[in-house]
Amino acid sequence: MSTSAERSVAIRSSFEPVIGLEVHVQLLTATKIFCSCSTRFGAPPNTNVCPVCLGMPGALPVLNQKAVEFATLAAMALNCRINETSIFARKNYFYPDLPKGYQISQYDKPLAEHGFIEVPTGEGKKSERKKIGITRVHLEEDAGKSLHEGFPGSDEKTAIDLNRTGVPLIEIVSEPEISSPDEAYEYLTRLKEIILYTGVSDCNMEEGSLRCDANVSVRPRGQKEFGTKTEIKNVNSFRFIREALEYEITRQIDVIESGGTVTQETRLYNANEGKTYGMRSKEQAHDYRYFPEPDLLPLVIDEKWRAEVARTLPELPEARRARMVKEYGITEYDAQVLTFSRSLADQFEEAARAAKNPKRVANLVQSELVGRLKAKNLEIEHSPISMRGVAASADLVGSGTISGKMLKDLYDLAFERGKDFPLVYEEEGRPQQSTDTSALEKIIDEVLAANPRQVEQYRGGKKTMLGFFVGQVMKASKGQASPQVVNELLTRKLG
Ligand code: ADP
Ligand code: MG
Ligand code: ZN
């Protein structure tokens, strides 16, 4: 007989979630997509506007070439095929922050299709990878913003800031191929990383430069047809999206288990409570009455221009990590840390190539830098010790000029003073580890005298005892001695 808890686990695992994500990314162009207004974030409300983005009758949109270039670059980085012709359409709906009464977007002919993002999957992570399909990447304009606080009378009124209307966005729509909240998290992390590497967006979630809507349904394991989905909107961190999905999956299974049916609807996530709430059940009848935008010609991207954009595609994080593992003999984990951002990876590679031993640079990042950064709650990008600094310290240790212990002390000082390694090394008077053999010999004699039994063992053939003596001498010299010199002296004295 099984307990009810066991039964519930069995029932739960007999359902599987299906997730599809829609991600909006703001492109970093200086001007809007159809007019020359500035896209700057944080300008006083309603100052970056003109007749075009305010939707005045008769004002004509003109497509921003930079926006097309950025969108194309992003789509290529996401392994999409670029359509030679795509069409802008009007998506009609009423909302106070949408002055035209429609949003210019792309509908049946998007800019790009058939892409994918690879994510690590399964238990053993890293090793296994899964491709999650990207249905489409299309260009569209952003809407304005409703403000509910932060201005006089906000307790009674809502204000509208139209600075954001007409800011260029791409929408990246995934296939319903994501099979867990963890996988959704991975997908988003990879997506953001790829977009950041292309440089077309800052992906700043607080400022709304990256927004994600998560669609989720559940179905009995093994069933082909999808269940009814709900869409969770306006979640502002990847972690919350994962939480919201976890909650929503359990909620849907509970609904079905208790004999109900899931309603197709939009839901909001309350991060404080960890719950989703129904907002509106619009989506069944989403009748946007799309039609081609009569004021814009079809967008044609010819082979030549496409090739030009392709040439600006940087090496992407996944490929870069694989290369770095090979080139510097570092682990996947090292490579992960060192490719945290494109600029960090650039800095590392520049420094590592200049250093005598690139692997040592990577090791020091791992063993000395990462922990200190964590303790200070700093991202590696804001490290007081730069990659050049790490490389310089690696060379000093490599040449035996400073000991490992001295390096640690110098790193501590660098973090205390908020200064880079070479500067602190200068400030400390370019210290060198002691190679003063007379002082060392004295220490060695003392160590040997204090451990007669071990000396006997060594002389009796147990050569591995050497390590023990080196350790004792290093300890007695407070890490100041050069292990190399200690080794030599010891071998001589014992021999
Ligand atoms: P809509 O027309 O409601 O916007 P779409 O077909 O455009 O729906 O899909 C929007 C997103 O929802 C896509 O990312 C897609 O992968 C995902 N999706 C579609 N159907 C389902 C489903 N049954 N369960 C989970 N996700 C789904
Ligand atoms: Mg949708
Ligand atoms: Zn404008």
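Just so you know, ligand 1 is whichever comes first in the structure, and atom 1 is the first atom listed for that ligand. What you see is a predicted model; the values in this text were computed from it and never measured.
- Here E175 has backbone heavy atoms under 4.0 Å from ligand 1, and that is the only part of it that gets that close.
- At a heavy-atom cutoff of 4.0 Å, ligand 1 is contacted by the side chain of V173 but not by its backbone.
- No donor-acceptor pair closer than 3.5 Å links the side chain of S86 to the backbone N or O of N83.
- Between D108 and R136, none of the side-chain N atoms (NZ, or NE/NH1/NH2) sits under 4.0 Å from a carboxylate O, so this pair counts as no salt bridge.
- Not a single donor-acceptor pair under 3.5 Å links the side chain of D334 to the backbone N or O of A362.
- For atom 8 (O) of ligand 1, the nearest non-hydrogen atom from the set E177, K229, Q264 belongs to K229.
- Per-residue contacts place F226 under 4.0 angstrom from the following atoms of ligand 1 (heavy atoms of the residue considered): 23 (N).
- Counting atoms of ligand 1 from 1 in the listed order, those under 4.0 Å from a heavy atom of L21 are 14 (O).
- Of the charged side-chain nitrogens involved, none lies within less than 4.0 Å of a carboxylate oxygen, so that R306 and E308 do not count as a salt-bridged pair.
- Shown in contact with V18 at under 4.0 Å from a heavy atom are these atoms of ligand 1, numbered in order with element: 24 (N), 25 (C).
- Neither side chain, E22 nor H24, offers a donor N or O lying under 3.5 Å from an acceptor on the other.
- Between SG of C50 and SG of C53, the angle at the Zn ion (ligand 3) works out to 110°, rounded to 10 degrees.
- At under 3.5 Å, a nitrogen or oxygen of P176, whether backbone or side chain, sits near a nitrogen or oxygen of ligand 1.
- One N or O on the side chain of Q106 and one on the backbone of L139 form a donor-acceptor pair closer than 3.5 Å.
- Here the rule is side chain to side chain contact (heavy atoms under 4.5 Å, CB included) with M56, and of P51, P99, C50 only P51 fits it.
- Ion pairing between a basic and an acidic side chain is recognised when a charged N comes within 4.0 Å of a carboxylate O; E128 and K130 show no such pairing.
- Closest to atom 24 (N) of ligand 1 by heavy atom, among S174, S217, G20, is S217.
- The G227 neighbourhood of ligand 1 comprises atoms 23 (N), with distances under 4.0 Å to a heavy atom of that residue.
- Between SG of C37 and SG of C35, the angle at the Zn ion (ligand 3) works out to 110°, rounded to 10 degrees.
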